[in-house]
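Working notes for the structure below.
All residue numbers in this chain count up from 1 along the given sequence.
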Amino acid sequence: MPETDGNAVPTPPKKRNERTEAKFFEDADKLIAEAVKLGADYDPPNNIAKLVNLQAKRAATAAQRTVNQATEAAEETKRNARENLFKTLNSDVTSLVEYAKSAGMPPNEMDALKSIAREIKGTRAKSIKPDDGKTHISVANLSYVTRTDNYARFIEQYDTLAIPTGEVFYKTSTHRAKLDALRQSTADVIQAESVSNTSGELLDKLAYTDPDSLLNGCVSAKSYIKSKYKSTGEPYKNIAKTRFNLPSRLR
């Protein structure tokens, strides 16, 4: 999932269809097995369809697929970790606002604290004047980075209240530590995403988009077998139901 500049909502990428991809590899294996069975009779004019090249490309592509699956899993782990950190943010902020209220903070200071809290949550004040010149933010327009930045502002505003407390949760230092964790979680996601994207791009090149990709090699090999044995020949019938199409996400 590509990250944004921090001011827009991240847009999910087109997902890799694991079932479709697994079927692609199954069909490639079926075609390669047929070429092996034909032996010396299998002699396609296109170099990428030569048996040795098909086998080498199949091996390289499968290895890269394993790498990509691992990097995607690592990215998902980082995303889940970030979600868990952000999960309590709204309730934490609400608790701090209520704590400040219980401490008898002046209305103007409470209003300033509540204003930032609303931006973190993406909610609007109950009464909004369209011509007040303020930017009212909905949760749909908040990215993780923006929410974190607003949380940082909230912490600084809360700190100015200097509410004496012996409870760890209500200490400013507790929330500055959480702020650091939130920022690190997004940095971790961005890094994991970069690694995952790189491995995915390489997989797509090997499997689908390079001129000598496994896909193109299989298309050529299938056409060769059909040309030599016709659609009625047993070798072609054995691979007739294989499908070698560019994934819809790459079209």
Side-chain angles (χ1 to χ4, degrees), residues 1-4 10-81 188-251:
M1 182 179 293
E3 291 296 330
T4 69
T11 302
K14 293 182 179 179
K15 293 288 186 179
R16 188 179 297 276
N17 189 315
E18 289 295 332
R19 180 178 297 181
T20 299
E21 196 155 84
K23 181 62 166 59
F24 166 70
F25 278 93
E26 289 174 7
D27 284 351
D29 288 344
K30 185 179 293 185
L31 187 144
I32 291 172
E34 189 63 29
V36 170
K37 187 163 62 177
L38 290 173
D41 288 337
Y42 179 77
D43 187 23
N46 192 338
N47 192 54
I48 65 173
K50 300 289 186 182
L51 179 57
V52 64
N53 292 332
L54 280 179
Q55 291 173 323
K57 186 65 67 173
R58 168 65 175 83
T61 305
Q64 184 57 35
R65 185 177 183 228
T66 298
V67 170
N68 181 243
Q69 288 172 328
T71 59
E72 286 187 342
E75 180 186 349
E76 186 65 18
T77 296
K78 294 298 184 182
R79 289 187 182 283
N80 290 338
D188 289 345
V189 169
I190 292 173
Q191 173 62 25
E193 175 196 293
S194 176
V195 174
S196 178
N197 285 347
T198 298
S199 69
E201 288 168 3
L202 180 52
L203 173 58
D204 284 341
K205 288 180 180 180
L206 289 169
Y208 308 114
T209 61
D210 276 349
D212 64 343
S213 67
L214 182 60
L215 172 67
N216 289 340
C218 288
V219 168
S220 180
K222 185 175 180 179
S223 293
Y224 167 71
I225 292 174
K226 185 176 183 180
S227 73
K228 185 168 184 176
Y229 297 98
K230 309 299 186 288
S231 60
T232 56
E234 193 63 26
Y236 182 74
K237 285 183 178 180
N238 292 337
I239 61 168
K241 292 184 179 181
T242 58
R243 294 290 180 271
F244 301 108
N245 301 310
L246 195 66
S248 58
R249 63 185 174 79
L250 295 177
R251 294 174 193 168

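Atom CG of Leu202 sits about 14.5 Å away from atom CZ of Arg65, to the nearest 0.5 Å. Distance check: Lys226 NZ to Lys222 NZ gives 8.0 Å after rounding to the nearest 0.5 Å. Tyr208 OH to Leu246 CG: the interatomic distance, rounded to the nearest 0.5 Å, is 8.5 Å. Distance CD1/Ile225 to CG/Asp41: 11.0 Å, rounded to 0.5 Å. The CD atom of Gln191 sits 11.0 Å away from atom CD of Glu75, with the distance rounded to the nearest 0.5 Å. Here the straight-line distance linking atom CD of Gln55 with atom CG of Asp29 works out to 10.5 Å at 0.5 Å rounding.
Under a 3.5 Å cut-off, the side chain of Asn17 and the backbone N or O of Arg19 do form a donor-acceptor pair. For Asn216 (side chain) and Asp210 (main-chain N/O), a donor-acceptor pair under 3.5 Å exists by modelled atom type. With hydrogens and angles ignored, the 3.5 Å screen pairs a side-chain donor or acceptor of Asn238 with a backbone N or O of Glu234. When atom types are taken as modelled, the side chain of Asp27 and the backbone of Phe244 share no donor-acceptor pair closer than 3.5 angstrom. Although no hydrogens or angles enter the test, the distance criterion places no donor-acceptor pair under 3.5 Å between the side chain of Ser194 and the main chain of Ile190. No side-chain donor-acceptor contact under 3.5 Å links Arg58 to the backbone of Leu214.
A 6.0 Å sphere centred on NZ of Lys50 holds more than 12 heavy atoms belonging to other residues, nucleotides or ligands. The neighbour count for Lys228 NZ, taken as heavy atoms of other residues, nucleotides or ligands under 6.0 Å away, is above 12. Other residues, nucleotides and ligands contribute at most 12 non-hydrogen atoms within 6.0 Å of the NZ atom of Lys78.
Ion pairing between Glu34 and Lys37 holds under the 4.0 Å rule for side-chain N and carboxylate O.
Lys30 places none of its side-chain heavy atoms less than 4.5 Å from the side chain of Lys241. The side-chain heavy atoms of Glu18 and Glu72, taken from C-beta on, include a pair separated by under 4.5 Å.
Aromatic ring pairs are classed by plane angle as parallel below 30°, tilted from 30° to 60° and perpendicular above 60°; the pair Tyr42 and Tyr224 is perpendicular.
The heavy-atom pair separating Thr232 from Lys237 by the smallest distance is O-CE, 3.2 Å. Considering every non-hydrogen atom in both Ser213 and Thr209, the closest pair reads CB-N, 3.9 Å. Between Ser196 and Thr71 the shortest heavy-atom distance is CA-OG1, 3.6 Å. Across all their heavy atoms, Cys218 and Leu31 have their closest contact at O-CD1, 3.5 Å. Pairing each heavy atom of Pro44 with each of Ala49, the nearest pair is CG-O, 3.4 Å. Closest non-hydrogen pair, Arg249 versus Asp204, comes out as NH2-OD1, 2.8 Å.
Of the candidates Val67, Thr198, Asn68, Asn68 is the only one forming a side-chain contact (heavy atoms from CB on, under 4.5 Å) with Leu203.
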Audit row: Ser199, Gln64, side-chain contact (heavy atoms from CB on, under 4.5 Å) steps and yes/no: CA-CA 7 Å; Ser199 69; Gln64 184 57 35; 3.6 Å; yes
